[in-house]
Amino acid sequence: MSNFMNMTCPNMTNQNKVFVGVYSVVFIFGLTLNLTALVVFFRNSKSRSHTIVYMINLAFADILLVCTLPVRIYFHSRLESLPREICEITGLMMLSNMYSSIFLLTCISFDRCIAVCFPLSSRVREGRKKAWCVCLGIWILTIATSLPIYIKKKQADVNNSNTENYTCFGGFPTYATETAPLVSTLIIGFGIPLIVMVLSSWGLIRAISKSTAVQTSNLVDSVRIKRMIITNLAIFLFCFLPYHIMLLILYASEYTCPLLTAYRYSLMVACLNAMLDPVAYYFTTETFRRKMDVEAVRKIRQVSSHSSEGNNRSRAQLTT
């Protein structure tokens, strides 16, 4: 990952067993579920919506993340330091794909919201067609922001000849808790996506609640969709909020063994998202099992708006 201040803490055996167990479960189920999701998406390519484009990229990001976990499993099970290059590359891959997942989850939430709230807007329809461009921008952003971490780490290694005590994932992310990287991470990497997620979820729930067409239609279970929206937001907060709170605490506190333990657990919880994403978006909802997306809501609202008079159409748009 980033520059580490290595620290040896006693009585870490039981904690390492937890890390090995959880990371193993995340690796097995995360890889299986995301690969299954990709197979389903590509088999139904003819009916692929713009939201599915984000989901495909999200599945790829989660797969790349879980592929870094065997290195951590080995480290926590053997307690042996791995080659520095392997530790640094897998650490950066984990962080890069974690933030790719955050941005893609935000895009999914925002895309669903505008599809339902503005079903007649030509600008919205044209903008949603650029989903692949948005995904490409996300990949470029996360990779470009990870490279400075790696470069700075290599420069520090050249200047620091004392590398005998290097312990791979055994220390604190000192670079991530420096002022400039921390501020950018909390604002751009988590704060703005969280605000967009909350506002999009609120807007989507409000639009569904106020739409007479949705409430009276038998094609869409509005209660289930609301539950799905809330569940997705809850998973986002559960996985990523503890990690970013820990970064803030590390920035303001002295490095201690309890903080190191808390940081490791928060990172482990963040990795759970790679396993929970396909569960939340693809498998646990009636929407996926019936191959229906929130796009159905948009279509119902669009038909209702087209069949209404001009004044009713204006009123429908005001209620979104």
Side-chain angles (χ1 to χ4, degrees), residues 18-74 76-77 90-91 93-109 111-112 131-132 135 138-139 142 193 197 201 221 224-225 227-243 265-295:
V18 173
F19 293 136
V20 170
V22 173
Y23 282 138
S24 299
V25 171
V26 174
F27 173 74
I28 294 171
F29 285 95
L31 187 62
T32 303
L33 294 177
N34 282 289
L35 286 175
T36 303
L38 286 178
V39 171
V40 173
F41 289 146
F42 283 113
R43 280 187 177 179
N44 296 277
S45 58
K46 293 183 179 180
S47 59
R48 188 181 302 165
S49 68
H50 303 300
T51 305
I52 297 301
V53 173
Y54 295 114
M55 289 185 174
I56 290 173
N57 282 267
L58 176 62
F60 274 119
D62 288 339
I63 288 172
L64 290 175
L65 189 151
V66 298
C67 285
T68 68
L69 296 184
V71 178
R72 292 182 178 272
I73 294 171
Y74 178 87
H76 288 292
S77 60
T90 55
M93 282 182 60
M94 171 182 281
L95 289 181
S96 177
N97 287 285
M98 183 176 76
Y99 284 103
S100 295
S101 297
I102 289 177
F103 291 135
L104 289 166
L105 287 168
T106 305
C107 288
I108 291 172
S109 181
D111 182 77
R112 285 174 162 173
W132 281 109
C135 292
I138 289 174
W139 288 110
T142 53
M197 284 277 293
S201 300
D221 188 342
R224 188 178 292 276
I225 291 178
R227 189 182 304 143
M228 178 189 69
I229 296 168
I230 295 173
T231 300
N232 293 336
L233 182 60
I235 290 175
F236 184 88
L237 290 171
F238 170 77
C239 291
F240 299 122
L241 184 60
Y243 173 77
Y265 275 114
S266 69
L267 185 61
M268 181 187 70
V269 171
C271 292
L272 292 176
N273 183 75
M275 179 180 65
L276 296 177
D277 279 341
V279 173
Y281 281 94
Y282 316 132
F283 296 102
T284 62
T285 66
E286 192 72 17
T287 298
F288 180 82
R289 288 196 294 269
R290 293 181 181 179
K291 296 180 183 177
M292 286 178 57
D293 199 1
V294 180
E295 289 290 318

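Residue numbers start at 1 and run along the sequence shown.
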Is the number of heavy atoms from other residues, nucleotides or ligands within 6.0 Å of CZ (Phe29) greater than 12?
no
In this structure, CG of Asn97 is separated from CD1 of Ile102 (nearest 0.5 Å) by 11.5 Å
Plane angle bin for Phe240 and Phe236 - parallel if under 30°, tilted between 30 and 60°, otherwise perpendicular:
perpendicular
How long is the gap from OG on Ser24 to CZ on Arg72, to the nearest 0.5 Å?
13.5 Å
Ignoring hydrogens, what is the shortest heavy-atom contact between Leu233 and Met197? Give both atom names and the distance.
CD1-CB, 4.1 Å
Gap between atom CE of Met275 and atom OG1 of Thr32 - 0.5 Å precision
11.0 Å
Please step through side chain to side chain contact (heavy atoms under 4.5 Å, CB included) for the pair Leu69 and Val26, ending with a clear verdict.
CA-CA 8 Å; Leu69 296 184; Val26 174; 3.6 Å; yes
Pairwise distance OH(Tyr54) to SG(Cys135) - rounded to 0.5 angstrom:
5.5 Å
State the OG-CZ distance between Ser100 and Phe60, to the nearest 0.5 angstrom.
13.0 Å
Under the criterion side chain to side chain contact (heavy atoms under 4.5 Å, CB included), I'd like the reasoning laid out for Asn273 against Leu65: C-alpha separation, chi angles, the key distance, then a yes or no.
CA-CA 10 Å; Asn273 183 75; Leu65 189 151; over 6 Å; no
For residues Trp132 and Asn57, is any side-chain donor paired with an opposing acceptor at under 3.5 Å?
no
Shortest non-hydrogen contact between Met93 and Thr68, atoms and distance
CB-CG2, 3.7 Å
From CG (Leu64) to CE (Met98), nearest 0.5 Å:
14.5 Å
Do you know which two heavy atoms are closest between Ser109 and Ser201, and how far apart they sit?
OG-OG, 3.9 Å
Between Tyr265 and Val18, does a side chain to side chain contact (heavy atoms under 4.5 Å, CB included) hold up when you go through it step by step?
CA-CA 9 Å; Tyr265 275 114; Val18 173; 3.9 Å; yes
If you compare all heavy atoms of Phe103 against all heavy atoms of Pro193, which two are closest, and at what distance to 0.1 Å?
CE2-CG, 3.8 Å
Taking every non-hydrogen atom, the tightest pair across Ile56 and Leu38
O-CD2, 3.7 Å
Quick one: do the Ser101 and Asp62 side chains pair a donor with an acceptor below 3.5 Å?
yes
Within the structure provided, determine whether Cys107 and Ile138 are in side-chain contact (heavy-atom separation under 4.5 Å).
yes
Is there a side-chain contact between His76 and Met268 (heavy atoms, below 4.5 Å)?
no
Go through it in stages, so that I can follow the logic: the residues are Met55 and Leu104, the test is side chain to side chain contact (heavy atoms under 4.5 Å, CB included), and I'd like the CA-CA distance, side-chain angles, deciding distance and then a yes or no.
CA-CA 8 Å; Met55 289 185 174; Leu104 289 166; over 6 Å; no
Side chain proximity check, Thr231 to Arg227, heavy atoms < 4.5 angstrom
yes
For the pair Asn34 (side chain) and Ala274 (backbone), establish whether a donor and an acceptor sit closer than 3.5 Å, ignoring hydrogens and angles.
yes
